[in-house]
Amino acid sequence: QVQLLESGGGLVQAGGSLRLSCAASGRTFGAYAMGWFRQAPGKEREFVAAITWNSGSTDYADSVKGRFTISRDNAKMTVSLQMNSLKPEDTAVYYCNQVSFFNGAWNAINDYWGQGTQVTVSS
């Protein structure tokens, strides 16, 4: 199993930047990609970005492409999300999880979600 801890959220003005981090620990088997998801009040959790663990290939939701950058450090077992040009609609709780691409989308391989980290963007 793997435990995930998100951090780096906060309150920022529109147009500003934040960098989120996801630290992994524990025991895990297999080579899974990592992804970021977010959930705003009254909305379903949605995919934000993904990165493969070995090759570093990335994929982004259209809503964040060009503004967000996902990266990973395998040695440190961390995944980051650099968020630039933030908009109020980016306000949400952000979660990370192991993901796999199937049925035309990136999906968490389990339903074990951490606390997430709150991102609030003011206008």
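When reading the values below, keep in mind they use all heavy atoms of this one structure, side chains included, and skip hydrogens, waters and symmetry mates. Counting begins at 1 with the first residue of the sequence.
Not counting sequence neighbours, the partners of Ser57 by the side-chain contact (heavy atoms from CB on, under 4.5 Å) test are Thr52, Ser55. A search for side chain to side chain donor-acceptor pair (under 3.5 Å) contacts involving Glu89 returns nothing, not counting sequence neighbours. Thr120 pairs by the side chain to side chain donor-acceptor pair (under 3.5 Å) definition with Gln118, not counting sequence neighbours. Applying the side chain to side chain donor-acceptor pair (under 3.5 Å) test to Thr58 and every residue at least two apart in sequence or in another chain returns nothing. Under the side chain to side chain donor-acceptor pair (under 3.5 Å) criterion, Ser100 pairs with no residue at all, not counting sequence neighbours. For Asp73, the side-chain contact (heavy atoms from CB on, under 4.5 Å) partners are Ala75, Lys76, Thr78, not counting sequence neighbours.
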Verify side-chain contact (heavy atoms from CB on, under 4.5 Å) between Gln82 and Ser17, making sure each step is shown before the conclusion.
CA-CA 7 Å; Gln82 179 65 46; Ser17 299; 4.0 Å; yes
Test side-chain contact (heavy atoms from CB on, under 4.5 Å) on Tyr112 and Leu4 and set out the steps.
CA-CA 9 Å; Tyr112 298 118; Leu4 302 168; over 6 Å; no
Set out, in order, the CA-CA distance, both residues' side-chain angles and the distance that settles side-chain contact (heavy atoms from CB on, under 4.5 Å) for Lys87 and Ser63, then state yes or no.
CA-CA 10 Å; Lys87 305 174 180 179; Ser63 59; over 6 Å; no
Stepwise side-chain contact (heavy atoms from CB on, under 4.5 Å) test for Gln98 and Met34
CA-CA 5 Å; Gln98 295 174 296; Met34 295 294 298; 3.6 Å; yes
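Two different hydrophobic clusters hold Leu5 and Val119 under the rule that ILVMFWY side chains link at heavy-atom gaps under 4.5 Å.
Screening residues 41-123 for disulfide (SG to SG under 2.5 Å) gives Cys22-Cys96 as the qualifying pairs, with residues at least two apart or on separate chains. Residue pairs meeting the salt bridge (Lys or Arg N to Asp or Glu O under 4.0 Å) criterion with at least one partner in residues 53-71, sequence neighbours excluded, are Arg67-Asp90.
Within the hydrophobic cluster formed by Ile, Leu, Val, Met, Phe, Trp and Tyr side chains joined at under 4.5 Å, directly or through other members, Trp106 is accompanied by Phe37, Phe47, Val93, Tyr95, Val99, Phe101, Trp113.
Here OG of Ser80 is found 11.0 Å from CZ of Arg72. Values are rounded to the nearest 0.5 Å. Atom-to-atom distance recorded for Arg19:CZ and Met83:CE is 12.0 Å, nearest 0.5 angstrom. Taking CG of Leu81 as the reference point, atom OH of Tyr60 lies at 7.5 Å (rounded to 0.5 Å).
Smallest separation of non-hydrogen atoms from Leu18 and Leu86: N-CD1, 3.8 Å. Between Arg38 and Ala92, the closest heavy-atom pair is CB-CB, 3.8 Å. The two atoms that bring Leu20 and Trp36 nearest to each other are CB-CH2, 3.7 Å, heavy atoms only.
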Without placing hydrogens or testing angles, list every side-chain donor-acceptor pair under 3.5 Å for residues 7-14, not counting sequence neighbours.
none

